[in-house]
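Remember, predicted model here, so these are calculated numbers, not experimental data.
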Amino acid sequence: QVQLVESGGGLVQAGGSLRLSCSCAASGIIFSINSMGWYRQAPGKQRELVAGITSGGAKLNYAESVKGRFTISRDNAKNTVYLQMNILKPEDTAVYFCHANLVVGRTEYDYWGQGTQVTVSS
C-alpha cells in the first residue's frame with residue numbers, strides 16, 4: 001500500500017509564506033519515484049498543476065501564476081517533495097494535492113495525497 005502524506009497547509013495573510021511537505025511511504029513493495037508535483041484546486045475550478053520536479057531534480061516546471069514566488073524541491077532519501085510558497089496571494093487559496101509517479105517493477109502508477117487546505121486572507 002502506498003500513501004502520500006501531506007502537511008504544512010493553513011491560514012496565512014497575503015504576502016506571507018507557507019511550506020508544504022509530502023512524504024511517500026509504502027509497505028511491502030519495492031518502488032522508485034519518477035516525477036513528483038503539486039496541484040491545486042480552488043472551489044468551482046479544475047485541478048491545475050502548480051509545480052513539478054523530475055526524479056533527479058534537474059527539470060522543474062511551474063505554473064505561470066506562481067513563477068518567482070513558489071519553489072519546488074525534493075529529498076529522494078526521504079521520498080519527500082516540498083513546496084515553498086512565498087508572497088502568497090488570496091488567489092492562491094485552494095486545496096493543494098501532492099502527486100507522485102511511482103514505478104513498481106515495470107509498471108508506472110500515479111498516486112495522490114489527500115489534499116491540504118491553503119487559505120490566504122487579504
Side-chain angles (χ1 to χ4, degrees):
Q1 183 179 2
V2 177
Q3 281 189 316
L4 297 182
V5 181
E6 301 150 341
S7 62
L11 173 64
V12 65
Q13 287 189 333
S17 298
L18 284 173
R19 188 189 193 213
L20 305 183
S21 299
C22 172
S23 295
C24 179
S27 59
I29 62 172
I30 299 173
F31 67 96
S32 59
I33 305 176
N34 285 336
S35 62
M36 302 185 80
W38 290 94
Y39 289 71
R40 68 186 181 187
Q41 187 167 18
K45 295 188 176 181
Q46 289 188 332
R47 188 174 298 189
E48 63 173 356
L49 174 68
V50 177
I53 184 168
T54 52
S55 59
K59 185 175 180 181
L60 313 176
N61 62 296
Y62 295 95
E64 285 296 325
S65 59
V66 307
K67 282 183 179 179
R69 300 188 297 122
F70 291 11
T71 303
I72 189 170
S73 61
R74 65 190 284 172
D75 183 338
N76 288 337
K78 297 180 179 179
N79 290 333
T80 299
V81 63
Y82 306 96
L83 185 68
Q84 178 66 44
M85 305 185 293
N86 298 327
I87 317 176
L88 282 159
K89 304 176 180 180
E91 51 263 44
D92 294 318
T93 296
V95 178
Y96 284 69
F97 296 90
C98 173
H99 168 264
N101 179 258
L102 270 64
V103 179
V104 181
R106 297 181 179 181
T107 305
E108 294 185 15
Y109 300 89
D110 287 309
Y111 288 93
W112 294 88
Q114 78 283 0
T116 185
Q117 178 69 47
V118 171
T119 302
V120 184
S121 63
S122 57

Acceptor/donor pairs from residues 112-120 side chains to any protein atom, 3.5 angstrom cut, sequence neighbours excluded:
from, atom 1, to, atom 2, distance (Å)
Thr116, OG1, Gly9, N, 3.4
Gln117, NE2, Ala94, O, 3.4
Gln117, NE2, Thr119, OG1, 3.3

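Looking at every heavy atom in both residues, Glu108 comes nearest to Val103 through CG-CG2, 3.9 Å. Residues Val2 and Cys24 approach most closely at CG1-SG, 4.0 Å, considering heavy atoms.
For Ser17, the side-chain hydrogen bond (donor to acceptor under 3.5 Å, both in side chains) criterion is met by Asn86, not counting sequence neighbours.
The ring-ring contact (aromatic ring centres under 6.0 Å, His included) pairs that include a residue from residues 58-90 number zero, where partners must be two or more places apart or lie in different chains.
Side-chain contact between Leu83 and Arg40 is absent, with no heavy-atom pair separated by less than 4.5 Å. With a 4.5 Å cut-off on side-chain heavy atoms, Arg74 and Ile33 count as touching. Within the 4.5 Å cutoff, side-chain heavy atoms of Asn79 are placed close to those of Phe31.
Without hydrogens or angle criteria, Asn76 side chain to Ser55 main chain gives a donor-acceptor distance under 3.5 Å.
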Working note: Tyr96 + Glu6, criterion side-chain contact (heavy atoms from CB on, under 4.5 Å); need CA distance, chi angles, decisive distance, verdict.
CA-CA 9 Å; Tyr96 284 69; Glu6 301 150 341; over 6 Å; no
Could you go through the side-chain contact (heavy atoms from CB on, under 4.5 Å) check for Val12 and Met85 one step at a time?
CA-CA 11 Å; Val12 65; Met85 305 185 293; over 6 Å; no
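Each of Val81, Val5, Thr80 was compared with Cys22 under the side chain to side chain contact (heavy atoms under 4.5 Å, CB included) criterion, and only Val81 meets it.
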